Amino acid sequence: MRQRITVVGAGVVGLSCAVRLAESGLDVDVLARDLPPETVSALAGALWLPYATEPDTPMAGWARTTLDVLSALAEDGDSGVLVVPGYLRSRASGRPRWFDVLDGTDVLPVDPGTAPGAGQWQLRVPVVDMSRYLPYLRSRLEAADGTVTRMSLPRLPDRGLVVNCTGLAARAMVQDSSLRPVRGECAVLAAPGVRTWRCREEPDRTSVSYVLPRGEQVVVGSTSVPEDGADRSRSSRVAALLARVTELVPELRDAPVLHHQAGLRPERSAVRLEVVGRAHSRGGADAVVHCYGHGDSGITVSWGCAEQVTALVTERLN
Ligand SMILES: Cc1cc2nc3c(=O)[nH]c(=O)nc-3n(C[C@H](O)[C@H](O)[C@H](O)COP(=O)(O)OP(=O)(O)OC[C@H]3O[C@@H](n4cnc5c(N)ncnc54)[C@H](O)[C@@H]3O)c2cc1C
């Protein structure tokens with residue numbers, strides 16, 4: 001009998017790993033406390049933008065792979081992915097280092113004389129409607145005979161090959177105190193005229209403000225507030241967010257706010273992506289592949305991580 005692989009977690013990371021594993025011919029079961037629309041992943045904006053990525057790092061490679069996969073998915077009208085032209089206002093002097101990830105993709109400096117703001121770049125990157133994309137991933141998994149079952153686990157299964165994609169919950173699941181919750185907030189505004197995305201790196205260099213077109217609406221984001229730190233009230237956070245995005249797109253000044261969404265990002269100094277054998281195990285196919293701690297980049301690096309997880313699992317099975 002073929003060994004089944006258990007993926008714990010049905011956010012963008014768990015589903016991408018499960019799809020890759022299942023489409024490479026393996027039998028995959030996803031177990032998750034929250035199903036795709038209830039996950040943190042469902043609350044993301046979401047823009048492919050590895051703005052904090054250093055060249056020649058695993059993150060850069062994962063982001064590159066993900067760019068290729070998402071760009072191809074944009075051809076499929078059911079995926080919820082579009083490749084959209086937009087403008088990035090960068091804080092770097094000169095060409096941002098992370099542009100190396102873009103490789104063949106066209107990036108044009110915008111003439112400060114003819115466009116708002118200096119240090120501005122025009123580029124085309126994937127923008128993902130998570131309300132369509134997560135169900136799309138689930139149906140792709142099921143088409144490859146994978147299963148998704150709601151189940152809240154007190155700990156990771158202690159037998160077999162398990163892929164741990166529990167996001168922030170890995171903190172308790174595998175006692176990883178280096179994971180910390182960072183609150184991110186987006187708002188959806190009625191704004192039928194906006195067709196390009198706009199994004200600005202904020203002075204702290206660890207967050208961005210963005211406006212993403214979505215049909216007759218825009219998604220604006222995002223806040224980045226450690227849960228354990230001093231915090232302003234939600235209303236003042238949202239007011240500050242709206243002020244920032246109105247600087248980016250002045251037409252949003254009077255746009256009605258339709259709703260807000262907020263979630264806790266799984267922040268870690270680096271993504272944990274590694275295979276760990278079990279103390280009691282004699283065989284290679286009895287191990288845990290950890291894949292969590294993606295902070296504000298879960299969508300941006302999802303397919304690259306899924307590919308590496310699949311390579312680690314396949315290695316173990318062989
Ligand atoms: C407002 C906001 C905007 C964002 N914008 C972007 C963006 O533009 N671009 C980008 O790349 N990223 C963005 N992010 C970050 C991105 O959303 C995260 O990095 C990503 O969602 C993490 O995915 P995940 O699958 O690891 O975790 P999650 O989506 O949290 O999924 C974790 C899964 O594990 C399951 N689980 C946990 N505990 C258990 C248990 N005990 N038993 C069973 N199952 C369990 C959960 O139920 C869930 O299914 C944003 C985040 C927020 C909040």
Side-chain angles (χ1 to χ4, degrees), residues 6-18 29-53 59 62-63 66-67 70 81 86 125-130 133-134 137-138 148-157 162-174 176 179 181-188 197 199 207-212 214 219-225 227 237-238 241 259-268 271-273 290-306 309:
T6 305
V7 176
V8 185
V12 70
V13 175
L15 288 179
S16 307
C17 290
D29 299 309
V30 173
L31 306 178
R33 184 191 58 208
D34 310 297
L35 294 183
E38 304 148 10
T39 59
V40 172
S41 301
L43 304 165
L47 183 66
W48 177 93
L49 202 77
Y51 66 94
T53 301
M59 286 294 276
W62 297 332
T66 308
L67 174 63
L70 290 179
V81 182
V125 297
V127 175
V128 185
D129 178 347
M130 298 304 282
Y133 183 58
L134 294 174
L137 289 179
R138 180 178 179 166
V148 179
T149 306
R150 186 190 290 280
M151 196 181 292
S152 180
L153 303 175
R155 61 189 165 276
L156 294 175
V162 174
V163 184
N164 173 19
C165 303
T166 51
L168 188 58
R171 193 181 155 91
M173 264 322 215
V174 293
D176 185 343
L179 261 175
V182 172
R183 181 169 293 276
E185 239 149 345
C186 288
V188 178
W197 57 266
C199 181
S207 62
V208 292
S209 301
Y210 54 67
V211 176
L212 310 177
R214 181 153 310 152
V219 181
V220 303
S222 157
T223 61
S224 185
V225 184
E227 267 301 86
R237 278 197 315 265
V238 172
L241 169 65
H259 63 265
H260 301 129
Q261 52 198 46
L264 298 177
R265 298 187 184 111
E267 202 71 46
R268 199 171 182 273
V271 171
R272 184 177 185 199
L273 204 172
H290 295 285
C291 186
Y292 63 81
H294 295 75
D296 63 358
S297 305
I299 293 103
T300 302
V301 298
S302 51
W303 287 108
C305 291
V309 164

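Just so it is clear, the structure is predicted and the values come from calculations on it, not from any experiment. Order of appearance sets the numbers: ligands from 1, and atoms from 1 within every ligand.
Distance from atom 12 (N) of ligand 1 to its nearest protein heavy atom, with residue and atom name: Asp296 O, 3.1 Å. Considering only non-hydrogen protein atoms, atom 36 (N) of ligand 1 sits nearest to Thr166 CG2, 4.1 Å. The shortest contact between atom 18 (C) of ligand 1 and any protein heavy atom is with Gly295 O, 3.4 Å. Protein heavy atom closest to atom 8 (O) of ligand 1, with residue, atom name and distance, is Leu47 N, 2.9 Å. The closest protein non-hydrogen atom to atom 26 (O) of ligand 1 is Val13 CG2, 3.5 Å. The protein heavy-atom contact nearest to atom 37 (C) of ligand 1 is Ala169 CB, 3.3 Å. Regarding atom 53 (C) of ligand 1, its nearest protein heavy-atom neighbour is Gly263 O, 3.7 Å. Here the heavy atom of the protein found nearest to atom 52 (C) of ligand 1 is Arg265 NE, 3.7 Å.
Applying the side chain to side chain donor-acceptor pair (under 3.5 Å) criterion to Tyr133, with sequence neighbours excluded, gives Trp303. Legend: residues meeting salt bridge (charged side-chain N to carboxylate O under 4.0 Å, His left out) with Glu267, ordered by chain and number and at least two apart, are absent.
With hydrogens and angles disregarded, no donor-acceptor distance shorter than 3.5 Å links the side chain of Arg265 to the backbone of Leu168. Judged by distance alone, with hydrogens and angles left aside, the side-chain atoms of Ser41 form a donor-acceptor pair with the main-chain N or O of Val12 at under 3.5 Å. A donor-acceptor pair under 3.5 Å is formed between the side chain of Thr223 and the backbone N or O of Glu185. Side-chain atoms of Trp62 do not come within 3.5 Å of backbone N or O of Thr300 as any donor-acceptor pair. Between the Arg155 side chain and the Val174 main chain, no donor and acceptor come within less than 3.5 Å of each other.
Residue Ala44 touches ligand 1 through backbone and side chain together, judged by heavy-atom distances below 4.0 Å. Of the heavy atoms in Arg33, both backbone and side-chain atoms come closer than 4.0 Å to ligand 1. Residue contacts with ligand 1, taken as heavy atom pairs separated by less than 4.0 Å, involve Asp34 via backbone and side-chain atoms alike. For Arg183, no heavy-atom contact with ligand 1 is shorter than 4.0 Å. Residue contacts with ligand 1, taken as heavy atom pairs separated by less than 4.0 Å, do not involve Pro154 at all. Of all the heavy atoms of Leu43, the ones lying under 4.0 Å from any atom of ligand 1 belong exclusively to the backbone.
Close contacts between ligand 1 and Cys165 involve ligand atoms 32 (C), 33 (C), 34 (O) [criterion: under 4.0 Å to a heavy atom]. Interface of Ala32 with ligand 1, defined as ligand atoms under 4.0 Å from a residue heavy atom, comprises 43 (C), 44 (N), 49 (O). Below 4.0 Å from some heavy atom of Met151 lie the following atoms of ligand 1, by number and element: 42 (N), 43 (C). Atoms of ligand 1 lying under 4.0 Å from at least one heavy atom of Gly167, given by number and element, are 26 (O), 27 (O). Ligand 1 places these atoms under 4.0 Å from at least one heavy atom of Ala10: 33 (C), 48 (C), 49 (O). Taking a cut-off of under 4.0 Å to the non-hydrogen atoms of Val12, the atoms of ligand 1 that pass are 23 (O), 25 (O). The Thr300 neighbourhood of ligand 1 comprises atoms 9 (N), 10 (C), 11 (O), with distances under 4.0 Å to a heavy atom of that residue. Below 4.0 Å from some heavy atom of Gly45 lie the following atoms of ligand 1, by number and element: 3 (C), 4 (C), 5 (N).
Side-chain contact between Met130 and Leu43 is absent, with no heavy-atom pair separated by less than 4.5 Å. Here the side chains of Leu31 and Thr6 are in contact, with some heavy-atom distance below 4.5 Å. In this structure the side chain of Tyr292 never reaches within 4.5 angstrom of the side chain of Val163, judged on heavy atoms. In this structure the side chain of Trp197 reaches within 4.5 angstrom of the side chain of Leu47, judged on heavy atoms. Annotation: side chain of Val182 is not in contact with side chain of Leu264 (no heavy-atom distance under 4.5 Å).
Residue contact annotation: Cys186 has a non-hydrogen atom under 4.0 Å from ligand 1. Residue contacts with ligand 1 include Tyr210, since one of its heavy atoms falls under 4.0 Å from the ligand. The shortest heavy-atom distance from Met173 to ligand 1 is under 4.0 Å. For Leu168, the closest heavy-atom approach to ligand 1 does not fall below 4.0 Å.
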message: Is there a side-chain contact (heavy atoms from CB on, under 4.5 Å) between Leu273 and His290? Walk through the geometry before answering.
response: CA-CA 5 Å; Leu273 204 172; His290 295 285; over 6 Å; no
field: Step-by-step side-chain contact (heavy atoms from CB on, under 4.5 Å) determination, Val8 to Leu153
entry: CA-CA 9 Å; Val8 185; Leu153 303 175; 3.8 Å; yes
- request: Go through Leu137 and Ser16 one step at a time and tell me if the side-chain contact (heavy atoms from CB on, under 4.5 Å) criterion holds.
  value: CA-CA 7 Å; Leu137 289 179; Ser16 307; 3.9 Å; yes
task: Please report the C-alpha distance between Trp48 and Val128 in whole Å, then the side-chain angles of each, then the deciding distance to 0.1 Å, and finally whether the side-chain contact (heavy atoms from CB on, under 4.5 Å) criterion is met.
output: CA-CA 8 Å; Trp48 177 93; Val128 185; over 6 Å; no
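Between Arg150 and Asp34 there is no salt bridge, since no side-chain N of the basic residue sits under 4.0 Å from a carboxylate O of the acidic one.
No N or O atom of Gln261 sits closer than 3.5 Å to an N or O atom of ligand 1. Annotation: Ser41 places an N or O atom under 3.5 Å from an N or O atom of ligand 1; distance criterion only.
When the options Leu153, Ile299, Val301, Val208 are ranked by their closest heavy atom to atom 41 (N) of ligand 1, first place goes to Leu153.
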